[in-house]
Amino acid sequence: MYYDDVIDHIIFTKEQIEERVCALAEQIDKDYAGSELCLVSVLNGSFMFAADLIRRLKTPATISFIYASSYGAGRTQSEKVDIRPSKNFSVGGRNVLIIEDIIDTGRTLKAMKEYLFSMGALSVELCALLDKKICRAVDIEAKYTGFDCPNEFVVGYGLDYNYRYRQFPFVGVLKKEIYSK
């Protein structure tokens, strides 16, 4: 199997992810009952998580996309965050829920929250599939979190290494020899 060549071990199975996404959608629906949400999916990593979450929400919502990254093609973060919204992006006067694949240092999400508030968002909350708290460099927390993530290099379910391995239906630890070449 292709996975065996690159994955050391699976930490969150497809079934565990599906169950957690359903629970997150239920909590978001409860918290935002009677209101409308502006969902902002952070590209590229959150696309699978965002699609699954959105399909389970009952709360009226719009979806927009934003590219935000402090990584290049490798695995080392920089201090600079590149933020580029999609065409016709508008959050003014809206309650915004950012959908992200993983929170590491928190720099990207902190910069995104500041950006969205500067664009006139009423509120900005975070929903992340994975939270790698041990790597946090800034003070930021997600209101909705799928799983706490160990301090490992993980791929799958949208997460990548060098633009690869996003298609795996699970989250697994990448073999060290893959990223230490």
Side-chain angles (χ1 to χ4, degrees), residues 3 6-25 27-28 37-57 61 63-78 81-86 89 96-113 115-116 124-138 140-174 178-179:
Y3 312 142
V6 296
I7 298 298
D8 184 64
H9 62 280
I10 295 171
I11 55 174
F12 303 112
T13 66
K14 177 183 175 183
E15 295 76 20
Q16 288 173 309
I17 293 168
E18 287 174 359
E19 183 178 310
R20 190 66 191 124
V21 169
C22 286
L24 287 169
Q27 187 61 51
I28 292 166
L37 267 175
C38 176
L39 305 170
V40 176
S41 175
V42 183
L43 297 175
N44 292 329
S46 76
F47 77 99
M48 290 176 85
F49 176 45
D52 287 345
L53 181 66
I54 291 163
R55 282 192 293 257
R56 287 166 178 83
L57 286 175
I63 178 78
S64 293
F65 299 90
I66 194 164
Y67 175 84
S69 179
S70 57
Y71 289 95
R75 54 178 288 240
T76 306
Q77 277 197 328
S78 70
V81 178
D82 181 21
I83 298 175
R84 289 180 271 154
S86 61
F89 185 84
V96 176
L97 180 63
I98 299 171
I99 303 172
E100 178 64 297
D101 56 355
I102 189 168
I103 305 174
D104 289 313
T105 65
R107 286 187 188 106
T108 301
L109 287 170
K110 182 175 187 234
M112 280 191 57
K113 279 187 86 167
Y115 175 80
L116 294 170
V124 179
E125 295 292 350
L126 308 175
C127 179
L129 176 67
L130 303 175
D131 192 350
K132 198 183 282 190
K133 291 180 179 163
I134 196 163
C135 296
R136 199 73 87 245
V138 297
I140 195 161
E141 291 294 322
K143 183 172 184 175
Y144 309 99
T145 302
F147 304 96
D148 286 334
C149 186
N151 193 19
E152 303 273 5
F153 197 98
V154 294
V155 296
Y157 197 68
L159 294 122
D160 76 304
Y161 168 68
N162 208 13
Y163 308 107
R164 302 169 99 185
Y165 317 122
R166 292 185 197 278
Q167 76 274 23
F168 299 158
F170 55 78
V171 174
V173 174
L174 190 64
I178 301 293
Y179 62 85

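The shown structure was predicted, so the numbers you read here are calculated from the model rather than taken from an experiment. No hydrogens, no waters, no symmetry mates; every other heavy atom, side chains included, goes into these values.
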> CE/Met48 to CG/Leu129 distance, rounded to the nearest 0.5 angstrom?
Replying inline: 10.5 Å
> Do you know which two heavy atoms are closest between Asp160 and Val155, and how far apart they sit?
Replying inline: C-CG1, 3.8 Å
> Quick one: does Leu57's side chain get under 4.5 Å of Leu39's, heavy atoms only?
Replying inline: yes
> Once you round to the nearest 0.5 Å, how far does CD of Glu19 lie from OG1 of Thr13?
Replying inline: 8.5 Å
> Any salt bridge (Lys or Arg N to Asp or Glu O under 4.0 Å) pairs touching residues 46-55, not counting sequence neighbours?
Replying inline: Asp52-Arg55
>> Can you tell me how far apart CD1 (Ile134) and CG (Asp104) are? Round to the nearest 0.5 Å.
In response: 11.5 Å
> Roughly how far, to the nearest 0.5 Å, is the CD1 atom of Ile103 from the NZ atom of Lys110?
Replying inline: 14.0 Å
>> Testing the basics here: between Lys132 and Ile102, what is the closest heavy-atom pair and its distance to 0.1 Å?
In response: CE-CD1, 4.0 Å
>> To the closest 0.5 Å, what do you measure between CG (Leu174) and CG (Asn162)?
In response: 10.5 Å
> Got Leu130 and Asp101 here, is their nearest side-chain heavy-atom distance under 4.5 Å?
Replying inline: no
> Can you tell me if Arg20 uses its side chain to pair, donor with acceptor, with the backbone of Thr145 under 3.5 Å?
Replying inline: yes
>> Rounded at 0.5 Å granularity, tell me how far CZ in Phe170 sits from CD1 in Ile7.
In response: 5.0 Å
> Among all residues two or more places apart in sequence or in another chain, which pass the side chain to side chain contact (heavy atoms under 4.5 Å, CB included) test with Glu152?
Replying inline: Pro150, Val154, Val173
> Are any of the side-chain heavy atoms of Ile28 and Leu37 separated by less than 4.5 Å?
Replying inline: yes
>> If you compare all heavy atoms of Ala128 against all heavy atoms of Phe49, which two are closest, and at what distance to 0.1 Å?
In response: C-CE2, 3.8 Å
>> According to salt bridge (Lys or Arg N to Asp or Glu O under 4.0 Å), who are the partners of Lys133, at least two apart in sequence or on a separate chain?
In response: Asp148
> Taking only residues at least two apart or on different chains, which pairs with a member in residues 38-50 satisfy side-chain hydrogen bond (donor to acceptor under 3.5 Å, both in side chains)?
Replying inline: Ser41-Ser46
>> How close do Ile83 and Ala68 get, counting heavy atoms only, and between which atoms?
In response: CG1-CB, 4.2 Å
> side-chain contact (heavy atoms from CB on, under 4.5 Å) between Val6 and Phe168: does it pass, once the steps are laid out?
Replying inline: CA-CA 11 Å; Val6 296; Phe168 299 158; 3.8 Å; yes
> Has Gln27 got more than 12 heavy atoms of other residues, nucleotides or ligands less than 6.0 Å from its CD?
Replying inline: yes
> Of the non-hydrogen atoms in Tyr3 and Pro169, which two are nearest, and what is the gap between them?
Replying inline: OH-CD, 3.5 Å
>> If you count every heavy atom of other residues, nucleotides or ligands that lies below 6.0 Å from Lys14 atom NZ, does the total exceed 12?
In response: no
> Mind checking whether Tyr157 and Phe12 have ring centres under 6.0 Å apart?
Replying inline: no
>> With a 4.5 Å cut-off on side-chain heavy atoms, are Ile178 and Tyr165 touching?
In response: yes
>> My understanding is that only residues two or more places apart in sequence, or in another chain, count here; which of them pass salt bridge (Lys or Arg N to Asp or Glu O under 4.0 Å) with Arg164?
In response: none
> Does the side chain of Ile98 come within less than 4.5 Å of Lys113's, by heavy atoms?
Replying inline: yes
> Excluding sequence neighbours, so at least two apart, what forms ring-ring contact (aromatic ring centres under 6.0 Å, His included) with Tyr115?
Replying inline: none
>> Just so I know, are the side chains of Phe147 and Ile11 near enough to count as touching, which here means a heavy-atom distance under 4.5 Å?
In response: no
> Taking all atoms of both residues into account, what is the closest heavy-atom pair of Cys22 and Arg56, and its distance?
Replying inline: SG-NE, 3.2 Å
